[in-house]
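Following: one structure in structure tokens, then a few remarks.
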Amino acid sequence: MKKLFVKTYGCQMNAYDSAKMADLLAPLGYATTDVPDGADMVILNTCHIREKAAEKVYSELGRLKTLKADKAKSGGRMLLAVAGCVAQAEGAEIVARQPAVDLVVGPQSYHRLPEMIARAFLTVQEGCDKFCTFCVVPYTRGSEHSRTPEAILREARQLADKGAREIVLLGQNVNAYESNGWSLAKLCAGLAEIEGIARIRYTTSHPRDMGDDLIAAHGGNAKLMPYLHLPVQSGSDTVLEAMNRGHGGDDYRRLIARIRNQRPDIALTSDFIVGFPGESDADFEATLQLVRDIGYATAFSFKYSKRPGTPASTMRKQISEDVKAARLAVLQKLLLEQQYAFDDSQIGKRLPVLFEKVAREPGQIMGRTPYLQPVHVQADAAWIGQVAEVQIERRTANSLHGALVQGQSA
Ligand code: 5AD
Ligand code: SF4
């Protein structure tokens, strides 16, 4: 059993919420304790009513930081969370002022606590050097920069100790990751060695940065999930050129073929922009053809919109709203058909599911397949934070439904 200490400030409502959080964390193996010393997790459930409430929280956090450091010295870990009204009001500010804080969770999000712990998002790369002509990111986020593998692996080990089973590596151009000769593929190999981590994902990638070793990792690294978000934006070479994407439609098709050669079942997703300046009917048809050729598991699609300061915003031949809306509807219909086809292809299969949270329907819990599809299962909440085999039985509009394969114990 892991020890959970919850300190409650303020009203009866907060006391009620503290009990609720303790209930939510019980399936992850947390039992409440009366003192913060030596606890595996400490939650400050804060209240904003009294004067200087935030200041009191920060001074309490200062004391807890010392306890956390003591625990680390003896080889343990203390997860430090701030909940309640101060969390709501101050948000990310809290982590900026007290980096020892691991989680900030507002009153609307308590039900997400277990998934926040089971699945960790880890920023490994920031910025972009690609300068796609429609995009503000290179101006707002600056040039590509990667964190060191040492810092990332250290943080991942800590997250795994706290109960993270899935690590999602984040970056604007995450597959451009490069630090001290480490590529993203090498980083994923390092992460795969960490005990407790069952699943690794990364997002978002650029087709130009899909290195040979990363493609190979999709075949060779068993913890790297068969899921890839690889935005293509358009299927027309003319539009791709005007977007400054640095590749054509057939380059992307060949790339996907090489990835599928390594991992035939991989779930592919993408971003699309319709109505980029100058996009003709034939250009749009080329996008539809590319979608038909590839076959996506799901995708995001957007109407082009002008972003001030970007080259495309001043291009001639801007497309009318009506045309954009009509094209988006056609594309989204096709993408939804593909999504349903992909989901249906899992029916009858037995898949490992990582359970994240209690579902809205009583007695059900929700988890995800290796392909990131949500699955609802009638099962004990003790499964949350764990991977179990599920027989996939049917699909509803937004989710798969299945049954736990018998003989497994939480
Ligand atoms: N208009 C429409 N969509 C855009 N995106 C980025 N900039 C724009 C824009 N100006 C989309 C791209 C990108 C995703 C994150 O947002 O498809 O991949
Ligand atoms: Fe960079 Fe992606 Fe924006 Fe292109 S769309 S400039 S790759 S962040």
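What's counted below: heavy atoms across the whole structure, side chains too, no hydrogens, waters or symmetry copies. Everything numeric here is computed off the predicted structure, so don't read it as measured data. Start at 1 and go down the list; that is how both ligands and their atoms are numbered.
Using a 30° and 60° split on the angle between ring planes, Trp383 and Phe355 fall in the tilted class, from 30° to 60°. Below 30°, between 30° and 60°, or above 60°: for Phe342 and Tyr371 the angle between ring planes is above 60°, a perpendicular geometry.
Applying the 4.0 Å criterion to heavy atoms of Tyr304 picks out, from ligand 1, the atoms 1 (N), 2 (C), 10 (N). Residue-ligand proximity, His206 to ligand 2, at heavy-atom distances under 4.0 Å covers atoms 7 (S).
For atom 4 (C) of ligand 1, the closest non-hydrogen atom of the protein is Ile273 CD1, 3.6 Å. Among protein heavy atoms, atom 10 (N) of ligand 1 sits closest to Ser305 O, 2.7 Å. When only non-hydrogen protein atoms are considered, atom 15 (C) of ligand 1 lies nearest to Asp271 OD2, 3.6 Å. At the shortest separation from atom 12 (C) of ligand 1 among protein heavy atoms lies Gln233 OE1, 3.4 Å. Protein heavy atom closest to atom 2 (C) of ligand 1, with residue, atom name and distance, is Lys303 O, 3.3 Å.
Under the 4.0 angstrom criterion, atom 2 (Fe) of ligand 2 counts as lacking any protein heavy-atom contact.
Contact analysis leaves Met243 out of contact with ligand 2, as no non-hydrogen atom separation drops below 4.0 angstrom.
Listing protein N, O or S atoms at distances below 2.8 Å from atom 3 (Fe) of ligand 2, with waters left out, gives Cys135 SG.
Between Val101 and Leu61, the closest side-chain pair of non-hydrogen atoms falls below 4.5 Å.
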